[in-house]
There are 2 protein chains.
Amino acid sequence: MLSKKAKYGLQAIIFLAKEDRKKKGPIPIAELAKHDKIPKKFLEIILLELRKQGILHSKMGVNGGYSLGRPADLISIGQVVRVLDGPLAAVSCVSKTAYRKCDECKNEKSCEIRKIMKQVRDSTARILDGTTLADALKGKVNF
Amino acid sequence: MLSKKAKYGLQAIIFLAKEDRKKKGPIPIAELAKHDKIPKKFLEIILLELRKQGILHSKMGVNGGYSLGRPADLISIGQVVRVLDGPLAAVSCVSKTAYRKCDECKNEKSCEIRKIMKQVRDSTARILDGTTLADALKGKVNF
DNA sequence: ATTTAATCTATTAATTTAGTAGATTATTGA
DNA sequence: TCAATAATCTACTAAATTAATAGATTAAAT
């Protein structure tokens, strides 16, 4: 399940991508929170994390707010989800971005669970890393 | 992330499928727990859930224990995961087995998040529902 | 200076996950 | 029929994660 954090984050960044398309300047958290009915203080935390990863850009003070950190066609849904919910993989031993041997696991090579979950991770990553914010707005379906 | 519950459950049921192939009778929880180093009391809960869904069969008393509820080629990984971790879908609005409108969602049809997560759910379901315990033991890769 | 808006520090509430303890019931073999 | 075995049932509890909230601080613009 996608956490509320990731869902809120995606809602907000999709809105930012739409505004970006309209050549709008930065959007304040308060406006984003209101638009998508997200608790403002919670959204602060979320956007800050995305900014720290370079996915968003922020500007303090009057006329400040948040905007995309790079063009919409260079931000993938996978990148956003990973920042907010961690690795896509269902088991850490098949994660590309955060590999870790499973505690229980004796021999990774022969693990049946691993084989199946690797397929799931790979297909999920293909979709989420292959879909950018620009694609999402176009309603483009890649897979 | 797969919960420990689902992981333990998969480990145990894969072991049961292996024993089933050898025409062994029912295996006691204690033996399964020891074999896969799973806390016994926790495994009890897990196996009971799988039994209540008809995936496993149990027998009380001496020479009792757990065995597969139906042939290994009729038990899919998806079925097991759903019982132990709930729906595969990352958002409830794309779940086939447990559909529910998202609280936040205004118009489902136009939701970009939904479109993407539907693709992910579908590809995940194709893999997990398309792989049975028999396939897993054969090392068969379907996708 | 005043206003706007992000950022930082700290806490808290609610939910889910992971596990334990102990009594009870069913089955079998001696 | 009794002792042993093993699942089942009822009832907790501890730890971790998720979802927030509160208030003070810093930066920018007019």
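Reminder, nothing fancy here: chain letters follow the sequence lines and each chain counts from 1. Because only heavy atoms are used, hydrogens play no part in the values below, and waters and symmetry mates are left out as well, while side chains stay in.
- The interatomic distance linking A:Met1 (CE) with D:dA19 (P) rounds to 12 Å, in whole Å.
- Between the side chain of A:Ser123 and the main chain of A:Val120, a donor-acceptor pair closer than 3.5 Å is present.
- Under the salt bridge (charged side-chain N to carboxylate O under 4.0 Å, His left out) rule, B:Glu112 has a single partner from A:Lys18, A:Lys7, A:Lys138, which is A:Lys18.
- Residue contacts shown for A:Lys41 include a base, since a base heavy atom lies under 4.0 Å away.
- Side-chain proximity of B:Met60 to the nucleotides C:dA6, D:dA29, D:dA7 is greatest for D:dA7.
- Across all strands, B:Lys40 comes closer than 4.0 Å to no nucleic acid atom at all (heavy-atom distances).
- Contact check, A:Asn63 against D:dA28: no side-chain N or O comes under 4.0 Å of OP1 or OP2.
- Each of A:Tyr8 and B:Gly61 was matched to the nucleotide of DNA chain D holding its nearest heavy atom; the match closer to the 5' end belongs to B:Gly61.
- Atoms CG (B:Leu84) and C1' (C:dT16) sit 15 Å apart, rounded to a whole Å.
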task: Could you walk me through whether B:Asp122 and B:Arg126 pass salt bridge (charged side-chain N to carboxylate O under 4.0 Å, His left out), step by step?
output: CA-CA 6 Å; B:Asp122 288 347; B:Arg126 215 175 314 120; over 6 Å; no
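- Nucleic acid contact for B:Lys7: none, since no nucleic acid atom lies under 4.0 Å from a heavy atom of the residue.
- Straight-line distance from the NZ atom of B:Lys5 to the P atom of C:dA18: 9 Å, rounded to whole Å.
- We find that CD of B:Glu44 is positioned 16 Å from P of C:dT25, with the value rounded to whole Å.
- Proximity of A:Ser58 to the phosphate of C:dT7: a side-chain N or O atom is located under 4.0 Å from OP1 or OP2.
- Computed from coordinates, the B:Asp103 CG to D:dT18 P distance equals 18 Å when rounded to whole Å.
- Comparing B:Phe42 and A:Lys59 by the nucleotide of DNA chain C that holds the closest heavy atom to each, the one mapping nearer the 5' end is A:Lys59.
- Counting to the nearest Å, the P atom of C:dA6 and the CG atom of A:Leu16 are 11 Å from each other.
- Side-chain proximity of B:Pro28 to the nucleotides C:dA6, D:dA29, D:dA6 is greatest for D:dA6.
- In this structure, B:His35 and B:Phe15 have parallel ring planes: the angle between them is below the 30° cut-off, well short of the 60° mark.
- At a threshold of 4.0 angstrom between heavy atoms, the contacts of B:Ile29 are confined to the sugar-phosphate backbone, with no base atom among them.
- Tested against A:Leu133, the residues A:Leu68, A:Asp73, A:Leu74 include a single side-chain contact (heavy atoms from CB on, under 4.5 Å) partner, A:Leu68.
- One can place CD of A:Glu31 at 14 Å from C1' of C:dT4, the figure rounded to the nearest angstrom.
- As rounded to whole Å, 9 Å separates atom C1' of C:dA6 from atom CZ of A:Arg51.
- With D:dA7, C:dG19, D:dA4 as the choices, the nucleotide that has an atom nearest any side-chain atom of B:Ile45 turns out to be C:dG19.
- Relative to the side chain of B:Tyr66, the nucleotides C:dT7, D:dT5, D:dT8 differ in distance, and D:dT8 lies closest.
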